Undergrad: 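Right, I'll just put the structure down here and ask away after.
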Amino acid sequence: MEDLTAMCKRRGFIYPAFETYGGVAGFYDYGPLGSLMKKNIEELWRSFYLSHKNFAEIACPAIVPEAVLKASGHVDRFTDFVSTCPKCKSSYRANRLLKEEIDSSSLTFDGMRDIFKSGKIKCSKCGEKLTEISAFNLMFETKIGGDLKGFLRPETAQGIFINFPNMYRYFREKLPFGVVQIGRGYRNEISPRQGMIRLREFNMAEVEFFFDDPLCKEFEGIKDEKLNIFPKDGHEIELKAHEIYDKNIIRNQSQIYFMVLTRKFLIEAGVDPGRLRFRQHHTQEMAHYAKDCWDVEVYLDEWTEVAGIADRGTYDLDSHMRSSGKDFSVERKRKKIRIKEEKMEEVKKIFDKTDLIKKIEEMEFDENADIDEITIEKITLKKEFFDQYIVKKGKFVPSVIEPSYGIDRILYSILFHNFKQGVLALPPKIAPIKFGVFPLLRKKELKERARDVFEMLNKNGTKCYYDEGGSIGRRYARMDEIGTPFCITVDHQTLEDSTITIRFRDAREQIRVNIKDLAEKVRDLLG
RNA sequence: GCGGCAGUGGUCCAGGGGUUAUGACUUGGGCUUCCCAAGCCCAAGACCCGGGUUCGAUUCCCGGCUGCCGCACCA
């Protein structure tokens, strides 16, 4: 492998954090290029979700009072009890050792410690008695004000869940809708190792999609898209979206829809489609809140999770409803139709049997359905013959599909998949710098013109980099290395006819464009 | 967290108990140069941190931090 980390540091993408003080594992700084790239990835991500009319973004605090995370299960389930063998130094998760004997999920630390003290549990490697356990919670703990216990959020999701009633009102009491949040999450990993892959403070983008109906309006539009899936009791296989649904591999169309969306997003961001798959979690690896979960994995040195699409069911809303005492349930609403009284005589002539009228009036539709006409037994009734009204069918708690993305891992994957022989082949949308701008030679007239071009593009909002150092080849190389897709060069011909050259990173070819057409050309190139 | 190996300019690497600690690349300045890391001149820049041994430690020892490999962990 190329030395990607060296390049990242040398060119200003990523630096190990706190390095001047020796460094701390699991923390990284984004340099100037890394920050721009991260911003670009987040913007692309936003464009995928916020283009849906029933999606909105919110931003919640990173510090969360204990009660919220108690309710979500993180305070109890996010704690690991570890027992280390005094003889051979193997360490085990205490919960796992106990699982075979008793249900340990409800045990407190003290209760669990007593079981170990009794000497019942033995090291599976050397047979020594395991008598000590220690506890650590993977959440960073803090104090809010005087003595209110709080944590740094381990996921942004909880902020969305506890805002559900606000969001339901915002969306004018209509399901389904999605709420997204981009922000930082914090997990106090015991020993983070794999560089950018396991961070203690990381950037995540999460979606909570609240729904009642497992069918999805957008599904029709993506049903022939292919996905490389790896089900828990099968092998890796490429299937079309509708096949995944028809074969009952995933029963929720929205979940499949988000998988397709995720694949498109990642590919557009620069992830190699050939090194991308969706792997279903086995039952025991599933988080406490999930009913079904598909990891989105990208192949780096090994298959690496960069996103996950989980079916959280009603777990979170139920939990917060129970803990807070607030009502998170909503009315299940269905649309029905009723023949207009003044049209009744006319309708009765169309339908010779009155039981068809009864049948029509018993039909139920989605509350969002657009009913222009209704067809029954080959007879069509236009909408001027009936009224449409909403009936309430009782209260329920919506279910949730959660697509959740690790921005840092995605950024690293994109770098990893696109860095070859000193060239970073980033998609223009993702590239931190869009254009390099150079004078061909360091001559006064050329430099002045090049600076003018640079200013013009900058004012236009295009991120550019002006460079007159070294030879022209070296400047191209510098731009190649940081993924700049295009370079503009001002040469002697520019002085005569106001044309410049645009050089393409991947083809290493160039075209000549008049400066007055440049703004438009730039727009074309950046899509 | 456990065990093994490692840490030298921005990057990659050489070396070594004792004056100014190699080299390459990169970077900055200049010359040259009419399109892909050319050449020449000049310059800047480093022994991870703390403690110990020693007259003297970047070098040896111990600890910490960081990185790599194996074990465990990754809800």
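To find a chain, count down the sequence lines: A is the first, B the second, and so on, and within it residues start at 1. Bear in mind that the values here come from a model prediction, so they are computed numbers and not experimental data. Side chains included, hydrogens not; waters and symmetry mates left out as well; all remaining heavy atoms used.
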Undergrad: Nearest whole Å is fine: how far is G50(B) P from Tyr21(A) OH?
TA: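 Computing the Tyr21(A):OH to G50(B):P distance gives 12 Å.
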Undergrad: Using atom C1' of each nucleotide, how far apart are G23(B) and C71(B) to the nearest Å?
TA: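 The same atom, C1', in both gives a distance of 39 Å.
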Undergrad: Round to a whole Å and report the spacing from CE of Met196(A) to P of G67(B).
TA: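 Met196(A) atom CE is separated from G67(B) atom P by 13 Å.
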Undergrad: Just to verify, what does Arg10(A) make a side chain to side chain contact (heavy atoms under 4.5 Å, CB included) with, not counting sequence neighbours?
TA: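 With neighbours one apart ignored, the set is Met7(A), Glu481(A).
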Undergrad: Nearest whole angstrom, please: distance from the P of C74(B) to the NE2 of His282(A).
TA: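 Rounding to the nearest Å, NE2 of His282(A) and P of C74(B) are 15 Å apart.
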Undergrad: Which one is paired to C31(B), where only Watson-Crick or G-U wobble pairs with both distances under 3.5 angstrom count?
TA: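 Per the H-bond distance test, G39(B).
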Undergrad: Taking NZ, NE, NH1 and NH2 as the nitrogens, is one of them in Glu455(A) or Lys459(A) under 4.0 Å from a carboxylate oxygen of the other?
TA: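 Salt bridge between Glu455(A) and Lys459(A), a charged N being under 4.0 Å from a carboxylate O: no.
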Undergrad: Quick check with a 6.0 Å cut-off and a 45 degree axis cone: is Arg503(A) positioned over the face of Tyr476(A)'s six-membered ring?
TA: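 That pair qualifies as a cation-pi contact.
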Undergrad: Quick one: Gln194(A) CD to C71(B) C1', roughly how many Å, whole number?
TA: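 That distance rounds to 14 Å.
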Undergrad: Are Ser498(A) and Arg449(A) close enough that a side-chain donor and a side-chain acceptor fall under 3.5 Å?
TA: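 The criterion, which ignores hydrogens and geometry beyond distance, is satisfied for Arg449(A) and Ser498(A).
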Undergrad: Could you encode protein contacts along nucleotides 27-38 of chain B as a string, one character per nucleotide from 5' to 3', using B for base contact, S for sugar-phosphate-only contact and - for no contact, with a heavy-atom cut-off of under 4.0 Å?
TA: S----BBBBBBS
Undergrad: By nearest heavy atom, map Ala6(A) and Phe202(A) onto RNA chain B; which one lands nearer the 5' end?
TA: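 Nearest-nucleotide comparison on RNA chain B picks Ala6(A).
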Undergrad: So if I take every side-chain heavy atom of Arg193(A) and compare against G70(B), U66(B), C74(B), which nucleotide ends up nearest?
TA: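 Nucleotide nearest to Arg193(A)'s side chain: G70(B).
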Undergrad: With a 3.5 Å cut-off and sequence neighbours excluded, list the donor-acceptor pairs that the side chains of residues 433-446 of chain A form with protein atoms.
TA:
{"residue": "Lys434(A)", "atom": "NZ", "partner": "Pro428(A)", "partner atom": "O", "Å": "2.8"}
{"residue": "Lys434(A)", "atom": "NZ", "partner": "Lys429(A)", "partner atom": "O", "Å": "3.1"}
{"residue": "Lys434(A)", "atom": "NZ", "partner": "Ala431(A)", "partner atom": "O", "Å": "2.8"}
{"residue": "Arg442(A)", "atom": "NE", "partner": "Glu468(A)", "partner atom": "O", "Å": "3.3"}

Undergrad: Report yes if a side-chain nitrogen or oxygen of Lys9(A) is closer than 4.0 Å to either non-bridging phosphate oxygen (OP1 or OP2) of G10(B); otherwise report no.
TA: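 Result: no.
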Undergrad: With sequence neighbours left out, what residues match Pro32(A) under side chain to side chain contact (heavy atoms under 4.5 Å, CB included)?
TA: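 In terms of side chain to side chain contact (heavy atoms under 4.5 Å, CB included), with neighbours along the sequence ignored, Pro32(A) is linked to Tyr15(A).
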Undergrad: Measure the distance from NE2 on His74(A) to P on C74(B) and round it to the nearest whole Å.
TA: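 Distance, rounded to whole Å: 14 Å.
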Undergrad: Listed by chain and number, what are the ring-ring contact (aromatic ring centres under 6.0 Å, His included) partners of Tyr315(A), not counting sequence neighbours?
TA: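 Partners of Tyr315(A) under the ring-ring contact (aromatic ring centres under 6.0 Å, His included) test: His288(A).
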Undergrad: For Glu19(A), check side chain to side chain contact (heavy atoms under 4.5 Å, CB included) against everything at least two apart and list the hits.
TA: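 Glu19(A) satisfies side chain to side chain contact (heavy atoms under 4.5 Å, CB included) with Lys9(A), Pro16(A) only.
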Undergrad: Using the C1' atom as the reference point in each nucleotide, state the distance between G17(B) and C74(B) in Å, no decimals.
TA: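 Looking at atom C1' only, G17(B) and C74(B) are 45 Å apart.
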Undergrad: Taking ring-ring contact (aromatic ring centres under 6.0 Å, His included) as the definition, give me every residue that meets it alongside Phe230(A), ordered by chain and number, with sequence neighbours left out.
TA: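 For Phe230(A), no residue satisfies ring-ring contact (aromatic ring centres under 6.0 Å, His included) once neighbours in sequence are set aside.
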Undergrad: Write down the distance separating the P atoms in G9(B) and G4(B), rounded off to the nearest Å.
TA: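 My reading of the P atoms in G9(B) and G4(B) gives 26 Å.
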Undergrad: Taking C12(B) as the reference, what is the distance to C49(B) when you measure between their C1' atoms (whole Å, please)?
TA: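 My reading of the C1' atoms in C49(B) and C12(B) gives 23 Å.
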Undergrad: Quantified in whole Å, what is the C1' atom distance between nucleotide C47(B) and nucleotide U22(B)?
TA: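 Rounded to whole Å, the distance is 12 Å.
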Undergrad: Of all of residues 302-310 of chain A, which get a heavy atom below 4.0 angstrom from RNA chain B, listed by number?
TA: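 Under 4.0 Å from RNA chain B: no residue of residues 302-310 of chain A.
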Undergrad: Taking only the C1' atom of each, what is the distance from A44(B) to G18(B) in whole angstrom?
TA: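 Result for the C1' pair: 28 Å, nearest Å.
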Undergrad: Who pairs with Phe151(A) by ring-ring contact (aromatic ring centres under 6.0 Å, His included), at least two apart in sequence or on another chain?
TA: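 Once residues adjacent in sequence are excluded, Phe151(A) has no partner under the ring-ring contact (aromatic ring centres under 6.0 Å, His included) criterion.
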Undergrad: Starting at atom CE of Met139(A), determine the distance to atom C1' of C74(B), rounded to an integer number of angstrom.
TA: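 From Met139(A) CE to C74(B) C1': 15 Å.
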Undergrad: Measuring only the P atom in each nucleotide, how far is G10(B) from C69(B)? A whole number of Å is fine.
TA: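 The same atom, P, in both gives a distance of 25 Å.
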Undergrad: Sort out the partner of C2(B) for me: Watson-Crick or G-U wobble, both distances under 3.5 Å, none otherwise.
TA: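 Its partner is G70(B).
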Undergrad: Taking atom C1' in both A46(B) and G51(B), what distance in whole Å separates the two?
TA: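 The answer is 23 Å between these two C1' atoms.
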Undergrad: Of the nucleotides U11(B), G1(B), C74(B), which one has an atom closest to the side chain of Arg198(A)?
TA: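 That would be C74(B).
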Undergrad: Measure up the Phe140(A) and Tyr186(A) rings against each other and bin them: parallel (under 30°), tilted (30 to 60°), perpendicular (over 60°).
TA: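 Aromatic pair Phe140(A)/Tyr186(A) classed perpendicular.
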Undergrad: Holding to side chain to side chain contact (heavy atoms under 4.5 Å, CB included), I want the full list of residues that pass it with Asp292(A), two or more places apart in sequence or in another chain.
TA: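 Testing Asp292(A) for side chain to side chain contact (heavy atoms under 4.5 Å, CB included), a comparison that skips the adjacent residues, returns Gln255(A), Gln280(A), Trp294(A), Asp311(A).
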Undergrad: Does G45(B) have a Watson-Crick or wobble partner in any strand here, with both distances under 3.5 angstrom, and which is it?
TA: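 Across any shown strand, G45(B) pairs with none.
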Undergrad: With sequence neighbours excluded, give me every side-chain hydrogen bond (donor to acceptor under 3.5 Å, both in side chains) pair touching residues 511-527 of chain A.
TA: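 For residues 511-527 of chain A, and leaving out neighbouring residues, the side-chain hydrogen bond (donor to acceptor under 3.5 Å, both in side chains) pairs sorted by first residue read Asp491(A)-Arg512(A), Gln493(A)-Arg512(A), Thr499(A)-Arg512(A).
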Undergrad: Provide a list of protein-nucleic acid N or O atom pairs under 3.5 angstrom, restricted to nucleotides 47-49 of chain B.
TA:
none

Undergrad: In the structure shown, which nucleotide is the Watson-Crick or G-U wobble counterpart of G9(B), with both distances under 3.5 Å?
TA: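 Here G9(B) is not engaged in any pair, so there is no nucleotide opposite it.
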